[in-house]
Colleague: 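Take a look at the following structure, please.
Here the structure is a predicted model, which is why all the values come from computation and not from measurement. Chain identifiers are assigned alphabetically (A, B, ...) following the order of the sequence lines, protein sequences preceding nucleic acid strands; residue numbering begins at 1 within each chain.
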Amino acid sequence: MNESTRPVRTRFAPSPTGMLHIGGVRTALFSWLYARHHQGSFVLRIEDTDRERSTDEATQVILDGMKWLGLNEDEGPFYQTQRMDRYKEVIQQFLREGKAYRCYCTKEELEEMRARQMAAKQKPRYDGTWRNRTDVREGVEPVIRFKNPLDGVVVVNDVIHGKVVFENAELDDLIIARSDGTPTYNFCVVVDDWDMGITHVVRGDDHLNNTPRQINMLMALSATPPVYAHVPMILGADGAKLSKRHGAVSVLQYQEEGYLPEALLNYLVRLGWSHGDQEVFTMDEMIALFDINNVNKSASAFNPEKLLWLNQQHIMKASASALAHGLRDQFSRRGIDVDDQSLLEAIANAQRERAKTLKEMAQNSVFFVRDFDSYDEKAAKKNLTAEAQPILAALETALQNLDEWQASAIHEVINAVAAQFNTGLGKVAQPLRVAVCGGAVSPPIDATLAIIGKSRTVARLQKAQRHVAGQ
RNA sequence: GCUCCCAUCGUCUAGUGGCCUAGGACACAGCCCUCUCAAGGCUGGUACGCGGGUUCGAGUCCCGCUGGGAGCGCCA
């Protein structure tokens, strides 16, 4: 059997019990990239067998998150809760073939067994009491356990970790169906990966220990195990487990905070993987260059500063229309509705080098689309002074008389006023900036005025002069 | 406790026995550019966890230790 000739099929199989956070997104990304790189298929499967903890809300967050990120599935989403008949069928098959058996131990008895083993400094595991019994116990609904091989080894040839060997003697007979008849995780994964023809399983390395059991079940089904790639985990910025404080929030939070999906993905792809000295990757470059075989074995810490830097890099590269779209969204989150696409694009182009997030861009761009009531106190105190008054007046007149309202022409006017007062550009541009923007920070003043427009500029210059006079 | 995994600057990483007096990036500091803020350019400091081997030679291979992580559920 030649694995390499099979079309690649990968999957992302989150359980909707919590938020889709960056750890999950990274395994999804690696899985997706691998499929895209090899022109294969990417399957989305929702593992919702735990009905108590699964919620529709979490499922929706996963779907929305994947959509926002652009990690589109070729098949699915499939839901395990809709495949119950299939799982039960395989369980019956196992029972019939003697590959599984009913175990009548109660939860209490199992807990007791675990406690005893722990006390004896042993690895807690099921002792196989019911493995060879054929009787039944009245009053106890049995669970069904898989008959794991008693000896020999299971070899996992992981593309990231290499050869990992597990002794069957270390494994016990895991429960594949609860006493209420519902199948459990490790079993469903096996049936699904097989049924869905998954060739490459990319998942967090917290699953490495589950792999030998899954391989044993696959063997019992006479199925060919997939290729496994257990990717290292992501740690919080403090090197400890990912927590809510850094990163363990819904991916949609990043959308709200003004991150570009390609920036977040670029950040995540560089965690545990690299391509020479390259830091910034477009989606196409990621697909072309990413190779699961080159992924690191060690866990990596989440670094919000670098994410921020990458976001800015992508903002600088992004198309004006994409930026405008995101900016419009950020404005509306602030209760400001702007529909003028060309205005949004102009603002985005003026701000793209000075915003780390779209949220920050919107925050610093309100003066473009709304008049302000007050000035930044420090900036006004320094720049809107009696000394600046004649300069503001001269600017008002000169700009009022300017017919060609474009950055280059505006620039000439400002230069002329500076020359007229025999002073540097700073003495003219800063008061003008504060008068028109309300604060001391903005894109280049000529470009800024070009966007704000003539009538608004002139009105704001007049208002600034009244402000100076009123002091 | 048992099993498995991991180990280069603060962080992400390059490095597959000599090209390593260890390279790049983020962050930090300084300088340049400059109408503000940025962007950009230049410069600087900081790392192979420890101990044994193997070898002419080890960040790179082997062993041990230490440290970190995961799993050991009628959770996924």
Colleague: Return the 5'-most residue of the pair A:Arg270, A:Gly426 with respect to RNA chain B, ranking by each residue's nearest nucleotide.
Modeller: A:Arg270

Colleague: Please determine whether any donor N or O and acceptor N or O are separated by less than 3.5 Å between the side chain of A:Arg433 and the base of B:rC35.
Modeller: yes

Colleague: Could you work out the separation of B:rC5 and B:rC63 based on their P atoms and round it to a whole Å?
Modeller: 12 Å

Colleague: Going by purine N1 to pyrimidine N3 plus the second Watson-Crick contact, or the G-U wobble pair, all under 3.5 Å, which nucleotide sits opposite B:rG71?
Modeller: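 In the structure as shown, B:rG71 has B:rC2 as its Watson-Crick or wobble partner.
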
Colleague: Looking for any heavy atom pair under 4.0 Å, which part of the strands does A:Gln313 touch: base, sugar-phosphate only, or nothing?
Modeller: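 Contact class for A:Gln313: sugar-phosphate only.
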
Colleague: Which heavy atom in A:Thr448 sits nearest to a heavy atom in A:Ser442, and how many Å separate them?
Modeller: OG1-OG, 3.4 Å

Colleague: At under 4.0 Å between heavy atoms, what does A:Pro443 touch on the DNA or RNA strands: base, sugar-phosphate, or nothing?
Modeller: base

Colleague: B:rG67 and B:rC61: how far apart are their C1' atoms, nearest whole angstrom?
Modeller: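 Each nucleotide's C1' atom is 22 Å from the other's.
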
Colleague: Is any side-chain N of the basic residue among A:Arg145 and A:Asp172 closer than 4.0 Å to the acidic one's carboxylate O?
Modeller: no

Colleague: Could you check how far CG of A:Asn209 sits from C1' of B:rA76, rounded to whole Å?
Modeller: 15 Å

Colleague: Using purine N1 to pyrimidine N3 plus N6-O4 or O6-N4 for Watson-Crick, or N1-O2 and O6-N3 for G-U wobble, each under 3.5 Å, what pairs with B:rC28?
Modeller: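 B:rC28 is paired, partner B:rG44.
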
Colleague: Can you tell me the pairing partner of B:rA76 across any strand shown, Watson-Crick or G-U wobble, with both distances under 3.5 angstrom?
Modeller: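 Paired with no nucleotide.
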
Colleague: Report which part of the nucleic acid A:Ser300 touches: base, sugar-phosphate, or nothing (heavy-atom distance under 4.0 Å, all strands).
Modeller: sugar-phosphate

Colleague: Using a cut-off of 4.0 Å on non-hydrogen atoms, how would the nucleic acid contact of A:Val164 be classed: base, sugar-phosphate, or nothing?
Modeller: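 Counting heavy atoms under 4.0 Å across all strands, the contact made by A:Val164 is with sugar-phosphate only.
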
Colleague: Quiz question: going by heavy-atom distance under 3.5 Å, is there a donor-acceptor pair between the base of B:rC74 and the side chain of A:Ser179?
Modeller: yes

Colleague: In the strands shown, is B:rG18 matched to any nucleotide by a Watson-Crick or G-U wobble pair with both distances under 3.5 Å, and which?
Modeller: B:rC56

Colleague: For a quick check of understanding: with a heavy-atom distance under 4.0 Å over all strands, which category does A:Lys121 fall into, base, sugar-phosphate or nothing?
Modeller: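 If one applies the 4.0 Å heavy-atom cut-off, A:Lys121 turns out to touch the sugar-phosphate alone, with no base involved.
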
Colleague: So, for A:Leu71 and A:Val25, which heavy atoms are closest and what is the spacing to 0.1 Å?
Modeller: CD1-O, 4.4 Å

Colleague: So what does A:Cys103 hit on the nucleic acid, given a heavy-atom distance under 4.0 Å: a base, only sugar-phosphate, or nothing?
Modeller: nothing

Colleague: With a cut-off of less than 4.0 Å, is there a side-chain N or O of A:Ser274 near OP1 or OP2 of B:rA14?
Modeller: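 Checking A:Ser274 against B:rA14: at least one side-chain N or O falls below 4.0 Å of OP1 or OP2.
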
Colleague: Over all strands shown, is A:Pro444 touching base, sugar-phosphate only, or nothing at heavy-atom distances under 4.0 angstrom?
Modeller: base

Colleague: Consider salt bridge (charged side-chain N to carboxylate O under 4.0 Å, His left out). Of A:Lys147, A:Arg125, A:Arg131, which one does A:Asp173 pass it with?
Modeller: A:Arg131

Colleague: What integer number of Å spans the C1' atoms of B:rA47 and B:rG59?
Modeller: 10 Å

Colleague: Looking at every strand, decide which applies to A:His207 at a 4.0 Å heavy-atom threshold: base, sugar-phosphate, or nothing.
Modeller: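 Base contact.
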
Colleague: Roughly how many Å apart are B:rG15 and B:rG23, using the C1' atom of each and rounding to a whole number?
Modeller: 9 Å

Colleague: P atom, B:rG45 versus B:rG24: distance in rounded Å?
Modeller: 11 Å

Colleague: Which part of the nucleic acid, if any, lies within reach of A:Lys297 when heavy atoms closer than 4.0 Å are counted: base, sugar-phosphate only, or nothing?
Modeller: sugar-phosphate

Colleague: Could you tell me whether A:Arg114 contacts a base, only the sugar-phosphate backbone, or nothing, with contacts defined as non-hydrogen atoms closer than 4.0 Å?
Modeller: sugar-phosphate

Colleague: Quick check on B:rA39: is either OP1 or OP2 less than 4.0 Å from any side-chain nitrogen or oxygen of A:Gln312?
Modeller: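 Answer is yes, contact under 4.0 Å.
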
Colleague: What's A:Asn186 touching, base or sugar-phosphate or nothing? Going by heavy atoms closer than 4.0 Å.
Modeller: base

Colleague: Expressed in whole Å, how much space separates the C1' atoms belonging to B:rA58 and B:rC20?
Modeller: 11 Å

Colleague: With nearest nucleotide decided by heavy atoms, which residue, A:Ala13 or A:Leu271, maps closer to the 5′ end of RNA chain B?
Modeller: A:Leu271

Colleague: According to the Watson-Crick and G-U wobble definitions, with both distances under 3.5 Å, which nucleotide is paired to B:rC9?
Modeller: none

Colleague: Does A:Asn296 have a side-chain nitrogen or oxygen under 4.0 Å from the phosphate oxygens OP1 or OP2 of B:rC12?
Modeller: no

Colleague: Determine which nucleotide pairs with B:rC35, using a 3.5 Å limit on both distances of a Watson-Crick or G-U wobble pair.
Modeller: none

Colleague: Kindly give the heavy-atom pair with the smallest separation between A:Ala388 and A:Asn383, and that separation in Å.
Modeller: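 What the structure gives for the nearest pair is CB-O, 3.2 Å.
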
Colleague: With sugar-phosphate meaning primed atoms plus P, OP1 and OP2, does A:Thr49 contact a base, only sugar-phosphate, or nothing at under 4.0 Å between heavy atoms?
Modeller: sugar-phosphate

Colleague: Classify the nucleic acid contact of A:Asp206 as base, sugar-phosphate or nothing, counting any heavy atom under 4.0 Å across all strands shown.
Modeller: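 Sugar-phosphate contact only.
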
Colleague: Are A:Arg133 and A:Tyr101 in a cation-pi contact, defined as NZ or CZ under 6.0 Å from the six-membered ring centre and within 45° of the axis?
Modeller: no

Colleague: Taking only the C1' atom of each, what is the distance from B:rC28 to B:rU46 in whole angstrom?
Modeller: 11 Å

Colleague: Identify whether any heavy atom of A:Gln122 sits under 4.0 Å from a base atom; if not, whether one sits that close to sugar-phosphate; answer base, sugar-phosphate or nothing.
Modeller: base

Colleague: If I compare all heavy atoms of A:Gln117 with all of A:Pro124, which pair ends up nearest, and what's the gap?
Modeller: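 Closest heavy-atom pair between A:Gln117 and A:Pro124: OE1-CA, 3.2 Å.
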
Colleague: What is the pairing partner of B:rG64, taking Watson-Crick or G-U wobble pairs with both distances under 3.5 Å in any strand?
Modeller: B:rC50

Colleague: Using the C1' atom in both, what is the distance from B:rA14 to B:rU60, to the nearest Å?
Modeller: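 That atom pair is separated by 13 Å.
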
